[in-house]
Chemist: 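One structure, as structure tokens, below. Some questions next.
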Number of protein chains: 2
Amino acid sequence: MTEKEKALIEAKANILKALGHPTRLWMAEQLAGGEKCVCELAENINADFSTVSKHLTVLKQAGVVEVDKRGKQVYYRLKVPCILNFMPCVEAVLQATAQSHIELMDQKRPIGQIDAV
Amino acid sequence: MTEKEKALIEAKANILKALGHPTRLWMAEQLAGGEKCVCELAENINADFSTVSKHLTVLKQAGVVEVDKRGKQVYYRLKVPCILNFMPCVEAVLQATAQSHIELMDQKRPIGQIDAV
DNA sequence: TGCACATTTGGTCGTTTTACCATACGTCAA
DNA sequence: TTGACGTATGGTAAAACGACCAAATGTGCA
């Protein structure tokens, strides 16, 4: 792996990492409906303003959102909206995992007691 | 936000977080080419076997990969291959960020010294 | 049975992350 | 200009993460 490839992987991982926190993912999803000011985001989750601000900074540094200061308020919006197109597949992973769990449960189901499957 | 919605967000964030590490993202990309045993993954990166194993465990727990033990070896494969369809958009984020940087540089460019853009 | 190999697990330690508090900053209105 | 408001930043403590080492587990072969 070249240095360049390595840097690319790190950059991409960083974006995924930025979205890999419940609060930040929630924020990104909120922004899918259009830009929001910090206050709008903050009042919808149970967190300190400074915490919200820091999460938004993480998203901004990752390049996921961009900022627009207008008057006293700061508006954030998705920079590259396709970022949320990913969610259906993420949900598919959850489904698949749930499915595995179900299958696991099936194996344990006392009815039938089938050994060979 | 209901408890259920909260749990869903957390589950999704957990998947993104799992992919949000350079080594794990690299592994996922490797597995896009088909299943690989731990040894194959380990020999391609400069890391301890135990480190590789632990990263794979994280991916497995997130539901991103699944395991198949055959003989002495353990094979991992993507459970939901669409997980990597996301990458073009992630790269678009990088591009957009790079673009911003370029624009930023443009503003600083001494040639012309244009104030109003 | 016992060894060798492939992988996992447990432990430790330094680093990073995160939430909260207090405080600073910038903008608008009076 | 001053105060109030919206947001960002700095500091701190607790928790989570990540890398490495050592040791355990499981599997196939001699």
Side-chain angles (χ1 to χ4, degrees), chain A residues 1 6-7 9-28 30-31 34-77 79, chain B residues 1 6-7 9-28 30-31 34-77 79:
Chain A
M1 185 156 52
K6 198 176 158 193
I9 283 275
E10 280 173 7
K12 291 193 288 184
N14 198 48
I15 292 169
L16 293 167
K17 187 175 167 188
L19 291 167
H21 184 286
T23 301
R24 292 194 294 264
L25 182 56
W26 176 84
M27 286 170 163
Q30 292 300 302
L31 297 181
E35 67 174 16
K36 298 242 181 316
C37 70
V38 179
C39 53
E40 287 175 285
L41 293 169
E43 76 185 12
N44 279 300
I45 55 174
N46 189 24
D48 202 273
F49 252 78
S50 68
T51 301
V52 170
S53 180
K54 277 177 184 171
H55 279 307
L56 285 166
T57 300
V58 172
L59 287 174
K60 186 175 62 180
Q61 296 208 98
V64 173
V65 302
E66 56 189 0
V67 181
D68 194 9
K69 301 189 184 188
R70 292 205 296 277
K72 273 194 285 191
Q73 293 175 328
V74 178
Y75 290 86
Y76 282 84
R77 61 171 167 271
K79 193 165 178 180
Chain B
M1 186 155 50
K6 197 176 158 194
I9 283 276
E10 279 172 8
K12 291 192 288 185
N14 198 47
I15 291 169
L16 292 166
K17 188 175 166 187
L19 291 168
H21 185 285
T23 301
R24 292 195 294 263
L25 182 57
W26 176 83
M27 286 171 162
Q30 292 301 301
L31 297 180
E35 66 172 18
K36 298 243 182 314
C37 70
V38 179
C39 53
E40 288 175 284
L41 294 169
E43 76 186 9
N44 279 300
I45 56 174
N46 188 24
D48 202 272
F49 252 77
S50 66
T51 300
V52 171
S53 180
K54 279 177 182 171
H55 280 307
L56 286 166
T57 300
V58 172
L59 288 173
K60 186 174 61 181
Q61 298 209 95
V64 173
V65 302
E66 55 189 0
V67 181
D68 194 9
K69 300 189 184 188
R70 291 204 299 277
K72 273 194 286 192
Q73 293 174 327
V74 178
Y75 290 85
Y76 282 84
R77 61 170 166 272
K79 192 166 180 181

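Bear in mind that the values here come from a model prediction, so they are computed numbers and not experimental data. Throughout, a chain's letter reflects where its sequence line sits, starting with A, and its residues are numbered from 1.
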Chemist: Base, sugar-phosphate or nothing for A:Y76? Non-hydrogen atoms, less than 4.0 Å.
Modeler: sugar-phosphate
Chemist: Which of these nucleotides, C:dC20, C:dT9, C:dT7, is closest to any side-chain atom of A:K54?
Modeler: C:dC20
Chemist: Could you write out each protein N or O paired with an N or O of nucleotides 15-18 of chain C at a distance under 3.5 Å?
Modeler:
| unit_1 | atom_1 | unit_2 | atom_2 | d |
| --- | --- | --- | --- | --- |
| C:dT17 | OP1 | A:K17 | NZ | 2.8 |
| C:dT18 | OP2 | A:R24 | NH1 | 3.2 |

Chemist: Where along residues 39-47 of chain A does a heavy atom come under 4.0 Å from DNA chain D, residue by residue in number order?
Modeler: A:C39
Chemist: What is the separation between atom CG on A:N14 and atom P on D:dC17, rounded to the nearest whole Å?
Modeler: 16 Å
Chemist: NA contact type, A:S50, heavy-atom cut-off 4.0 Å: base, sugar-phosphate, or nothing?
Modeler: base
Chemist: Test side-chain contact (heavy atoms from CB on, under 4.5 Å) on A:L41 and A:W26 and set out the steps.
Modeler: CA-CA 9 Å; A:L41 293 169; A:W26 176 84; 4.1 Å; yes
Chemist: According to the salt bridge (Lys or Arg N to Asp or Glu O under 4.0 Å) rule, which pairs have a member within residues 35-49 of chain B, sequence neighbours left out?
Modeler: B:E35-B:R70, B:E35-B:R77
Chemist: According to side-chain contact (heavy atoms from CB on, under 4.5 Å), who are the partners of A:A42, at least two apart in sequence or on a separate chain?
Modeler: A:F49, A:V52
Chemist: B:K12: which residues meet the side chain to side chain donor-acceptor pair (under 3.5 Å) condition with it, sequence neighbours left out?
Modeler: A:E29, A:E91
Chemist: Can you tell me how far P of C:dA22 sits from CZ of A:F49, to the nearest Å?
Modeler: 17 Å
Chemist: Once each nucleotide of nucleotides 23-30 of chain D is scored for protein heavy atoms under 4.0 Å, what B/S/- sequence comes out, 5' to 3'?
Modeler: ----BS--
Chemist: Evaluate the criterion side-chain contact (heavy atoms from CB on, under 4.5 Å) for residue pair B:V38 and B:Y75; output intermediate values, then yes/no.
Modeler: CA-CA 7 Å; B:V38 179; B:Y75 290 85; over 6 Å; no
